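Beneath this line is the structure, given in structure tokens, with notes to follow.
Numbering of residues begins at 1 and proceeds along the displayed sequence. Quick caveat, the model's predicted, so the values are computed rather than measured.
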Amino acid sequence: MDEILKYFPHLSEEQKHQFEALSDLYRDWNAKINVISRKDIDNLYEHHVLHSLAIGQVLHFTPGTRILDFGTGGGFPGIPLAILFPDCQFKLIDGTGKKIRVATEVSKSIGLPNVIAEHLRGEEEKGKYDFVVSRAVMKLTDLMKIIRKNIANDQHNALSNGVLCLKGGDVTHEVMPYKKIAQVTPIHTLFKEEWFKEKNVIYVPI
């Protein structure tokens with residue numbers, strides 16, 4: 001939690017409690033359904049929660065923004081972002097049912113009325129959203145082909161509607177097809193922990 005409060009000192013008491021509750025919940029669920037590497041569960045706040053919140057540092061979603069978390073797994077980046085932006089609506093989808101069960105139960109346990117989680121493949125999702133967020137689920141070009149249909153036309157935010165995804169390593173080649181419009185933000189410019197050194201937030205407007 002110290003890592004979260006260092007970068008987000010103005011959280012409400014409810015938000016602090018919700019973030020604090022994630023540790024026990026994910027440890028409990030991870031013992032039943034492996035959604036986070038067993039070796040990595042001790043790094044939950046840095047490697048999963050704070051990593052997810054990097055998107056919220058690149059764009060502060062305005063109230064009422066609709067966000068689709070594509071391939072959410074156990075709820076990342078959707079659940080941390082839903083805590084940070086309680087006035088925005090999040091839909092979390094994943095093709096693996098047991099992972100969606102974890103995301104559903106965690107969001108219920110901490111009281112997130114702004115989250116819906118559904119067992120669904122991206123190709124099957126028909127809704128319209130201001131932004132699609134994801135965490136390294138597939139190549140950017142493949143992701144763009146699937147979610148283009150889901151981006152709404154009406155604009156509400158400082159950035160135009162589009163995709164915000166978390167990617168590690170050298171993303172030069174992956175971003176090449178969108179080099180004229182994409183923005184790549186190295187996360188180490190947002191968070192100082194060593195682990196973020198080769199992590200990025202990629203934004204592509206649609």
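- Scanning both residues, Ala103 and Ala117, for their nearest heavy atoms gives CB-CB, 4.4 Å.
- The number of heavy-atom neighbours closer than 6.0 Å to CD of Glu198, taken from other residues, nucleotides and ligands shown, is 12 or below.
- For the pair Glu46 (side chain) and Asn43 (backbone), a donor-acceptor distance under 3.5 Å is absent.
- In terms of modelled atom types and a separation under 3.5 Å, the side chain of Asp130 and the main chain of Thr65 share no donor-acceptor contact.
- Using a 4.5 Å cut-off on side-chain heavy atoms (C-beta onward), Val102 and Tyr26 make contact.
- No side-chain donor-acceptor contact under 3.5 Å links Asp40 and Ser37.
- Within the 4.5 Å cutoff, side-chain heavy atoms of Gln155 are placed close to those of Ser160.
- Here Glu105 pairs with nothing under the salt bridge (Lys or Arg N to Asp or Glu O under 4.0 Å) rule; sequence neighbours left out.
- By the neighbour-count criterion of 12 heavy atoms within 6.0 Å, atom NZ of Lys6 is densely surrounded, having more than that number from other residues, nucleotides or ligands.
- Nearest heavy-atom pair, Gly56 versus Leu81, reported as atom, atom and distance to 0.1 Å: N-CD2, 3.8 Å.
- If you chain together ILVMFWY residues whose side-chain heavy atoms come under 4.5 Å of each other, Leu120 ends up grouped with Leu68, Phe70, Ile93, Tyr129, Val132, Val137, Met138, Leu140, Leu143, Met144, Ile146, Ile147, Ile151, Val163, Val171, Val175, Tyr178, Ile181, Val184, Ile202, Val204, Ile206.
- Using a 4.5 Å heavy-atom cutoff, the side chains of Trp29 and Val35 are not in contact.
- The minimum heavy-atom distance between Ala54 and Leu190, with the atom names listed, is O-CD1, 3.9 Å.
- The hydrophobic clustering, which links ILVMFWY residues whose side-chain heavy atoms are closer than 4.5 Å, places Ile83 and Ile116 apart.
- Ring-plane geometry between Phe191 and Tyr7 is classed as tilted, the angle between the planes lying from 30 to 60 degrees on a 0 to 90 degree scale.
- The main-chain N or O of Asp87 is never found under 3.5 Å from a side-chain atom of Asn114 such that the two would form a donor-acceptor pair.
- Under a hydrophobic-cluster definition in which Ile, Leu, Val, Met, Phe, Trp and Tyr are linked whenever side-chain heavy atoms come within less than 4.5 Å, directly or via other members, Trp195 and Leu53 are assigned to the same cluster.
- Membership of an apolar cluster is not assigned to Met176, as no side-chain contact below 4.5 Å to another ILVMFWY residue is traced.
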Go through it in stages, so that I can follow the logic: the residues are Tyr203 and Ile55, the test is side-chain contact (heavy atoms from CB on, under 4.5 Å), and I'd like the CA-CA distance, side-chain angles, deciding distance and then a yes or no. CA-CA 9 Å; Tyr203 161 65; Ile55 289 172; over 6 Å; no
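- Remark: Lys128 NZ is packed, more than 12 non-hydrogen atoms of other residues, nucleotides or ligands lying under 6.0 Å away.
- With hydrogens and angles ignored, the 3.5 Å screen pairs no side-chain donor or acceptor of Ser52 with any backbone N or O of Phe76.
- In this structure, the side chains of Asp69 and Phe90 stay at 4.5 Å or more apart for every pair of heavy atoms.
- The number of heavy atoms from other shown groups lying within 6.0 Å of NZ (Lys32) is above 12.
- Side-chain N or O atoms of Asp94 include none that pairs as donor or acceptor with a backbone N or O of Ile100 at under 3.5 Å.
- Here the side chains of Leu166 and Ile187 are in contact, with some heavy-atom distance below 4.5 Å.
- When side chains are defined from C-beta on, Gln57 counts as touching Phe8, because their heavy atoms get closer than 4.5 Å.
- Nearest heavy atom pair, residue Leu159 against residue Phe131, reads O-CZ, 3.5 Å.
- Remark: Glu123 CD is packed, more than 12 non-hydrogen atoms of other residues, nucleotides or ligands lying under 6.0 Å away.
- Using a 4.5 Å heavy-atom cutoff, the side chains of Glu3 and Val49 are not in contact.
- Residue Asn153 qualifies as open at atom CG: its count of foreign heavy atoms under 6.0 Å is 12 or below.
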